[in-house]
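In this chain, residues are counted from 1 in sequence order. Remember, it's a predicted structure, so these values are computed and weren't measured experimentally. Ligands are counted one by one from 1 in listed order, and the atoms in each one are counted from 1 as well.
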Amino acid sequence: MPAFLDARSVPADTVLETDLAIVGGGPAGISLALALAGAPFKVTLLESGGLTFDDKTQALYAGTQTGVPYLALNGSRLRYFGGSSNHWGGWTRPLDESDFQKRDWLPYSGWPFARKEIEAYFPRAQELVEAGPFLYDETMVFSDELGRTIPLGDGGVYTSYFQFSKWKDNVDDLPTHFGQRYAEDLKRTPNLNVMLHANITGLRLAPNAKTLDHLDIAVLGGGSLKLKAKHAVLACGAIENARLLLASNDVMKTGVGNQNDMVGRFFADHPIPRDTATMVLFDGAIPSFYLAAQTAHGAIFRKTFSPTEEFKRKNMVLGSLTTVENSVSLDATGRAMVAATADALGIDGRNAKAFSLGCGMEMAPDPDRRLTLTTEKDALGLPRLKLHMTIADSDFAHYRDTMKELGRQLLLAKSGLIRLNQASRKEWLSVMDWGSHHLGTTRMHADPKNGVVDANQQVHGVANLFVAGSSVFPTYGSSNPTMNLIALTLRLGDHIKSLFA
Ligand SMILES: Cc1cc2nc3c(=O)[nH]c(=O)nc-3n(C[C@H](O)[C@H](O)[C@H](O)COP(=O)(O)OP(=O)(O)OC[C@H]3O[C@@H](n4cnc5c(N)ncnc54)[C@H](O)[C@@H]3O)c2cc1C
């Protein structure tokens, strides 16, 4: 079986040629390469790192930050074969229908197409992340196997499901690490070459700026190469996709695809505040599948509370997925409040127990939450990035509205109550964690004034350059991105096949 190529062993200044270049060997790049296996054209996948972590390559990801405290740019992603799937959590959930819709009350919202456009690709994406049968809320069989569901009265919050990636035959119960898991499949693919230690440092356009001519490849501590490609797909993650476009500013002075100053704007993640609320269950028993993921129906599940589509629309709130994190003890005031409430409801609250809730929230799109180039350069001479991070108070307010609704429904069902724990912005930020789900920096929009790529993920104005991954998400939803971005990339694979037909 042929080994992967190593850019360090290719003589400096060699000019290579291919039909399709895929830049980046994370879940997006690898899924695309697998989707194009056997196609009647030559594919070259270029990966910056090797098969394992190394400090010098990882350091290329470093950058600076301003604004709301956020994860370090080289700490929330991994730069070697398999990308950030080498340390992802494996949580999966499809985006909701409303995540694709224009919401009149939410500026910049809406995808150029509806969810049904990518639904056909969900089963294969689900297979690639190895999360078992595609069940979630759609085809879930509500049975005893999934434990009791905490009773909720009628209202705007329902019990939804995460599923989890589990790397087949892996003894350590890890989610799928795309590099290791699919290396042999990629090696077996006759029309594919994978080149490791190949850092793309420039997207070189033809003089008319309408097509990509070639890619500059740099080797750490070594020379440089060129790759001429008929078509190219950037799949470097949402931070690096933007950086490469911005830094390639020799022909288009503002950067490739940045004629309308859109590249790098609208960065987003999923805020994951901890201890957002305390939930008390009067009967004291937390049903299985809430506190931890468990196996049923050939998949791994965890229950979560989600606002319904109708509640989101009517109350103008963003998506959120609330999980039960751990049990907590109530102080004397809390216990008295629970006893009084149980009394008023005419139920027995003596066994009541409390649990801390956490959540993954959707953020509102913000053009000022953005990546820009700095004057500092990395070891390959590429400008480093600065991230300006923001979060709106209204994002927290949306979540509080959803939690109030959950509390109302628990009381209605006489099953429990909710106490909201964070009120001020300072309090929210003090419990903030982040998903490391980088999103939005090359957003998809039919109009080049409002986006970087079109509905086919082609960079506006550059006929043969495409972008894959969650950088193209124009609005984000609250679901974890990876299975969704893979579905979208498989759709891009079909489009690319049609270009060569
Ligand atoms: C700690 C953590 C936990 C996460 N948990 C979850 C989760 O539970 N569920 C979920 O859905 N998502 C999760 N994610 C997010 C998930 O990892 C990403 O959505 C996914 O990895 C994105 O895939 P990608 O291929 O677009 O980008 P990446 O995984 O970032 O891959 C990009 C690839 O491009 C390469 N590259 C970068 N620059 C260059 C260059 N200039 N030239 C050549 N190659 C380059 C990189 O080395 C890398 O291999 C998590 C992320 C982190 C960090």
Side-chain angles (χ1 to χ4, degrees), residues 7 21-33 44-51 53-54 57-58 60-61 71-95 125 128-129 131 162-165 174-179 194-203 215-220 227 232-245 247-248 269-270 272 293 302 321 360 378 380 382 433-439 441-442 467-473 476-489:
I22 301 174
V23 186
I30 289 175
S31 301
L32 184 59
T44 304
L45 189 155
L46 302 146
E47 165 55 42
S48 157
L51 294 177
F53 180 88
D54 88 272
T57 307
Q58 185 65 25
L60 298 169
Y61 265 169
L71 308 167
L73 293 191
N74 62 342
S76 59
R77 51 194 178 136
L78 283 175
R79 189 160 171 152
Y80 67 97
F81 193 56
S84 291
S85 74
N86 289 302
H87 67 168
W88 74 315
W91 297 60
T92 70
R93 185 179 183 276
L95 288 164
L128 285 166
V129 298
F162 287 110
Q163 288 185 219
F164 290 82
S165 163
L174 290 169
T176 304
H177 292 190
F178 275 62
V194 174
M195 188 183 278
L196 303 175
H197 303 287
N199 295 284
I200 301 308
T201 50
L203 313 167
L215 303 166
D216 286 340
I217 305 173
V219 177
L220 262 179
L227 176 67
V233 178
L234 288 186
C236 298
I239 298 177
E240 223 56 18
N241 284 346
R243 182 182 180 198
L244 275 176
L245 291 167
S248 302
D269 193 347
H270 291 123
I272 305 189
R302 184 159 168 185
L321 295 164
D378 70 14
L380 297 171
L382 208 67
D433 207 343
W434 298 91
S436 301
H437 305 157
H438 308 139
L439 307 152
T441 55
T442 65
V467 182
S470 49
S471 62
V472 306
F473 289 17
Y476 326 111
S478 51
S479 294
N480 310 69
T482 309
M483 194 276 292
N484 295 289
L485 74 84
I486 291 173
L488 201 59
T489 304

### Task
For the pair N484 and S479, evaluate side chain to side chain contact (heavy atoms under 4.5 Å, CB included) and give the outcome as yes or no after the intermediate values.
CA-CA 9 Å; N484 295 289; S479 294; 4.2 Å; yes
### Message
Applying side-chain hydrogen bond (donor to acceptor under 3.5 Å, both in side chains), can you list everything that pairs with S84, at least two apart in sequence or on another chain?
### Response
none
### Query
Are any side-chain N or O atoms of H87 and backbone N or O atoms of S76, one a donor and one an acceptor, separated by less than 3.5 Å?
no
Between the protein and ligand 1, are there any N or O atom pairs that come within less than 3.5 Å of each other, and if so, what are their names and distances?
| from | atom 1 | to | atom 2 | distance (Å) |
| --- | --- | --- | --- | --- |
| ligand 1 | 5 (N) | G89 | N | 2.9 |
| ligand 1 | 8 (O) | G89 | N | 3.4 |
| ligand 1 | 8 (O) | G90 | N | 3.1 |
| ligand 1 | 8 (O) | W91 | N | 2.9 |
| ligand 1 | 9 (N) | W91 | O | 2.8 |
| ligand 1 | 11 (O) | W91 | O | 3.4 |
| ligand 1 | 11 (O) | P481 | N | 3.4 |
| ligand 1 | 11 (O) | T482 | N | 3.0 |
| ligand 1 | 11 (O) | T482 | OG1 | 2.9 |
| ligand 1 | 12 (N) | T482 | OG1 | 2.8 |
| ligand 1 | 19 (O) | T482 | OG1 | 2.9 |
| ligand 1 | 25 (O) | P27 | N | 3.1 |
| ligand 1 | 25 (O) | A28 | N | 2.9 |
| ligand 1 | 29 (O) | S84 | N | 2.9 |
| ligand 1 | 41 (N) | R79 | NH2 | 3.4 |
| ligand 1 | 41 (N) | I200 | O | 3.0 |
| ligand 1 | 42 (N) | I200 | N | 3.0 |
| ligand 1 | 44 (N) | S48 | N | 3.1 |
| ligand 1 | 47 (O) | E47 | OE1 | 3.4 |
| ligand 1 | 47 (O) | E47 | OE2 | 2.6 |
| ligand 1 | 47 (O) | Y80 | N | 3.4 |
| ligand 1 | 49 (O) | E47 | OE1 | 2.7 |
| ligand 1 | 49 (O) | E47 | OE2 | 3.4 |
| ligand 1 | 49 (O) | Y80 | O | 3.1 |
| ligand 1 | 49 (O) | G83 | N | 3.3 |

### Query
Side chain of Q58, backbone of G75: donor and acceptor closer than 3.5 Å?
no
### Query
Going by atom types only, do T92 and N480 share a side-chain donor-acceptor pair under 3.5 Å?
no
#### Entry: Considering all heavy atoms, the nearest G360-I272 contact
CA-CG1, 4.4 Å
